[in-house]
A.B. asks: 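Got a structure here, written out as structure tokens. Questions coming.
By convention here, the first residue in the shown sequence is residue 1.
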Amino acid sequence: MQAGTAKPAQRIGVPRETFPGEKRVATVPEVVEKLIKLGFQVAVESGAGDAANFSDDAYRAVGAEIINGAAALWAASDIVFKVRAPSTQEVALMREGGTLVSFIWPAQNPELMQQLAAKKTTVLAIDALPRTLSRAQKMDALTSMAGVSGYRAVVEAANAFGRFFNGQITAAGKVPPAKVFIAGAGVAGLAAIGTAANLGAIVRANDTRAEVADQVVSLGGEFVKVDYEEEGSGGGGYAKVMSEGFQQAQREMYAQQAREVDIIITTALIPGKPAPKLITAEMVRSMKPGSVIVDMAGEQGGNCELTEPGQAVVKHGVTIIGYTDLASRLSKQSSTLYATNLFRLAEELCKAKDGVANINMEDDAIRGLTVIKDGNITWPAPPLKPAATPAPKPAAAPVAQKKSGHGHGSSGPLPAKTLAVIFAVAALVFWFIGAFAPAAFLGHFTVFVLACFIGYMVVWNVTPALHTPLMSVTNAISSIIAIGALIQIAPPEAGMGGRPDELIRWLALAGIVLTAVNMFGGFAVTRRMLAMFRK
């Protein structure tokens, strides 16, 4: 680009969130530094980070400009980073032709989409990111927030529950461990499973996607299967709406779990639809007094029929928590994760590090995020192109069997002719040695050959699944040394050449000591290596 034609650096504005009870902020001081290194200017509304424990001074210290008042912030910003979708009043403050990066939920907010389009804006909905793209995971704010929410759900359940999660035996009596059932094993559900298991509870979980069963078990939970065969994966990391037969079998399983467990945490959501009702009023009535339900789908209507969104209520002796701000209740952690996701997005938009965002609609990740481009609604994005399947590799030609067994690449049994030649040559060499060598040498040579044979058959020839090839070779050599040294120390035998002198005896003793150190050390190292894979 010629001098004088470069675009000026854009300003990223971070307003204070106006949604009731929202404590998060769209960027944090440590991320502001990184955005400035990309060439952007950063402006933060005064007090935007107060609820998340980020002061104005902390933002100033890293180079951010602090602007008083939302109107001035919105008017001065080329790009606005937000957490919650903007209100009608915030849309009115937005600069025409500006860019907005935020949670939008376009399927649930068609009127908001029209208002934003009327302002000729470009809108990147962080919730519309194609989550199946591996390179998009660093920008996946939904996963970040779901992980925080799953953790917080268990904390809220523990706060409302009347006793320990882990079982204990005390002088006052025995306390059984709490039983926790988690409906839905997505990101939030898996986070809840890990947290509850770490607190010592007995954890059970269910999901319509059978492939998550191993993940549940790996986190210390038990996967409870519905007695009905149907695949529940809906693509994009979400579940799909199941058939009526499956739903009936699922309700029966939930009813049984409700009678047995102390805590139920529900996380089931289907994009663009109200949360499915999994826990009926009858199931709530069947639960033990003092039990707890944490309904993480409260903002979309709740998975429990008795959930009151945003409230914690007690019905039929069961505490039902329907908080819609679980991630916001850990505002500092959530803000840091969310700010990092947006920074990764900024890296993709500004690869030249010149402070100018480039919305590349040819990029699958950016195309999926972009729900409005220059006032034109571009949502929903076209389906992702399936990844090109690699061409099948041509079948490898069978390796010709080598006629000689001495090459490194040979495998399989030797041909009969080759084996006969080897034995004939070996017999000839042995006869030659026996005919001309001294009797003492012949005795030692016989022991050496037998030691080699024993070392090979007993140690070296053991399947590699039982020990490493390197260890098998060293143990084989060690066994040969040990047998030879023992022969030298042993009392004289007929035909062995008499008692060795003292020098040979001490050398043999040193050989045995060093060999023993090597062999026992190898077993000790192997034991430590195996211990790394045990819980």
Side-chain angles (χ1 to χ4, degrees), residues 7 10 12 26-27 35 38-40 77-86 91 94-146 186-187 233-238 240 269-273 337-389:
K7 293 182 180 179
Q10 293 177 316
I12 295 175
T27 197
L35 291 172
L38 287 179
F40 292 105
S77 304
D78 302 295
I79 304 170
V80 174
F81 281 1
K82 269 186 59 59
V83 179
R84 293 275 186 170
V91 173
M94 191 171 183
R95 176 192 292 184
E96 188 163 330
T99 300
L100 172 67
V101 182
S102 175
F103 281 103
I104 299 294
W105 306 108
Q108 290 95 322
N109 297 307
E111 292 182 5
L112 173 62
M113 291 284 286
Q114 294 298 332
Q115 293 170 9
L116 290 167
K119 298 282 286 190
K120 306 296 182 185
T121 59
T122 295
V123 179
L124 278 69
I126 201 70
D127 49 273
L129 179 76
R131 302 173 77 186
T132 54
L133 292 175
S134 58
R135 58 176 289 267
Q137 291 177 0
K138 61 186 179 181
M139 302 178 276
D140 189 359
L142 279 173
T143 294
S144 299
M145 297 302 101
V187 176
S233 179
Y238 294 98
K240 70 175 184 180
L269 285 173
I270 298 170
K273 296 180 180 293
L337 293 174
Y338 183 68
T340 302
N341 293 138
L342 295 194
F343 166 68
R344 296 304 179 190
L345 172 59
E347 283 185 318
E348 293 294 316
L349 297 177
C350 185
K351 293 183 178 179
K353 297 185 179 180
D354 57 358
V356 178
N358 175 33
I359 312 296
N360 180 13
M361 298 295 276
E362 298 300 318
D363 185 315
D364 286 339
I366 303 303
R367 174 64 187 88
L369 283 168
T370 307
V371 295
I372 301 176
K373 180 72 165 69
D374 298 327
N376 299 312
I377 295 178
T378 58
W379 182 87
L384 294 175
K385 298 175 184 176
T389 54

A.B. asks: Is there a side-chain contact between Ile359 and Leu124 in this structure, where contact means two heavy atoms from C-beta onward sitting under 4.5 Å apart?
C.D. replies: yes
A.B. asks: According to the side chain to side chain donor-acceptor pair (under 3.5 Å) rule, which pairs have a member within residues 367-382, sequence neighbours left out?
C.D. replies: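 Sorted result for residues 367-382: Thr122-Asp374.
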A.B. asks: Which residue, Val101, Ile372, Val80, Thr99, forms the side-chain contact (heavy atoms from CB on, under 4.5 Å) with Val123?
C.D. replies: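 Among Val101, Ile372, Val80, Thr99, the one meeting side-chain contact (heavy atoms from CB on, under 4.5 Å) with Val123 is Ile372.
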A.B. asks: Applying side-chain hydrogen bond (donor to acceptor under 3.5 Å, both in side chains), name anything that partners Asp364, two or more places apart in sequence or on another chain.
C.D. replies: none
A.B. asks: Provide the closest heavy-atom pair for Ala381 versus Gly368 in the form atom of the first, atom of the second, distance.
C.D. replies: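 Scanning both residues, the minimum pair turns out to be CB-CA, 3.9 Å.
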A.B. asks: Determine all donor-acceptor pairs shorter than 3.5 Å in which one atom belongs to a side chain in residues 110-121; sequence neighbours excluded.
C.D. replies:
| unit_1 | atom_1 | unit_2 | atom_2 | d |
| --- | --- | --- | --- | --- |
| Lys119 | NZ | Ala92 | O | 3.4 |
| Lys119 | NZ | Met94 | O | 3.0 |
| Thr121 | OG1 | Leu116 | O | 2.8 |

A.B. asks: To the nearest 0.5 Å, tell me how far Asp140 CG sits from Thr132 OG1.
C.D. replies: 10.5 Å
A.B. asks: Does a side-chain heavy-atom distance below 4.5 Å link Asp363 with Arg135?
C.D. replies: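 Yes; the side chains approach each other to less than 4.5 Å.
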A.B. asks: Might you point out which heavy atoms bring Pro130 and Leu384 nearest each other, and give the distance in Å?
C.D. replies: CB-CD1, 3.9 Å
A.B. asks: With sequence neighbours excluded, what pairs up with Asn109 under the side-chain hydrogen bond (donor to acceptor under 3.5 Å, both in side chains) test?
C.D. replies: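 If we apply the side-chain hydrogen bond (donor to acceptor under 3.5 Å, both in side chains) test to Asn109, skipping adjacent residues, there are no hits.
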A.B. asks: Any side-chain heavy atom of Asp127 within less than 4.5 Å of one from Ser102?
C.D. replies: no
A.B. asks: Using 0.5 Å steps for rounding, measure from the CD1 atom of Ile12 to the CG atom of Leu38.
C.D. replies: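 Here the rounded value is 8.0 Å.
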A.B. asks: Measuring from Ile126:CD1 to Lys82:NZ, what's the distance to the nearest 0.5 Å?
C.D. replies: 14.0 Å
A.B. asks: List the residues meeting side-chain hydrogen bond (donor to acceptor under 3.5 Å, both in side chains) with Arg344, not counting sequence neighbours, and say none if there are none.
C.D. replies: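 Partners of Arg344 by the side-chain hydrogen bond (donor to acceptor under 3.5 Å, both in side chains) criterion, ordered by chain and then number, come out as Glu347.
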A.B. asks: Output the distance between atom CD (Gln137) and atom OG1 (Thr143), rounded to the nearest 0.5 Å.
C.D. replies: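 OG1 of Thr143 is found 7.5 Å from CD of Gln137.
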A.B. asks: Nearest heavy-atom pair of Ala136 and Ala365: which atoms, and what distance?
C.D. replies: CB-CB, 4.4 Å
A.B. asks: Could you work out, with side-chain contact (heavy atoms from CB on, under 4.5 Å) as the rule, every residue matching Arg95, not counting sequence neighbours?
C.D. replies: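 In terms of side-chain contact (heavy atoms from CB on, under 4.5 Å), with neighbours along the sequence ignored, Arg95 is linked to Asp78.
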A.B. asks: According to salt bridge (Lys or Arg N to Asp or Glu O under 4.0 Å), who are the partners of Lys138, at least two apart in sequence or on a separate chain?
C.D. replies: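 Lys138 satisfies salt bridge (Lys or Arg N to Asp or Glu O under 4.0 Å) with Glu348 only.
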A.B. asks: Please list, chain by chain and in numerical order, all residues satisfying side-chain hydrogen bond (donor to acceptor under 3.5 Å, both in side chains) with Gln10, sequence neighbours excluded.
C.D. replies: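 Partners of Gln10 by the side-chain hydrogen bond (donor to acceptor under 3.5 Å, both in side chains) criterion come out as none, since no residue qualifies.
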A.B. asks: Please list all pairs passing the ring pair (Phe, Tyr, Trp, His ring centres under 6.0 Å) test where one or both residues lie in residues 338-361, with sequence neighbours left out.
C.D. replies: Phe103-Tyr338
A.B. asks: Are Leu349 and Phe40 side-chain neighbours, meaning at least one heavy-atom pair lies under 4.5 Å?
C.D. replies: no
A.B. asks: Quick one: salt bridge (Lys or Arg N to Asp or Glu O under 4.0 Å) partners of Asp354, sequence neighbours excluded?
C.D. replies: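 In terms of salt bridge (Lys or Arg N to Asp or Glu O under 4.0 Å), with neighbours along the sequence ignored, Asp354 is linked to no residue.
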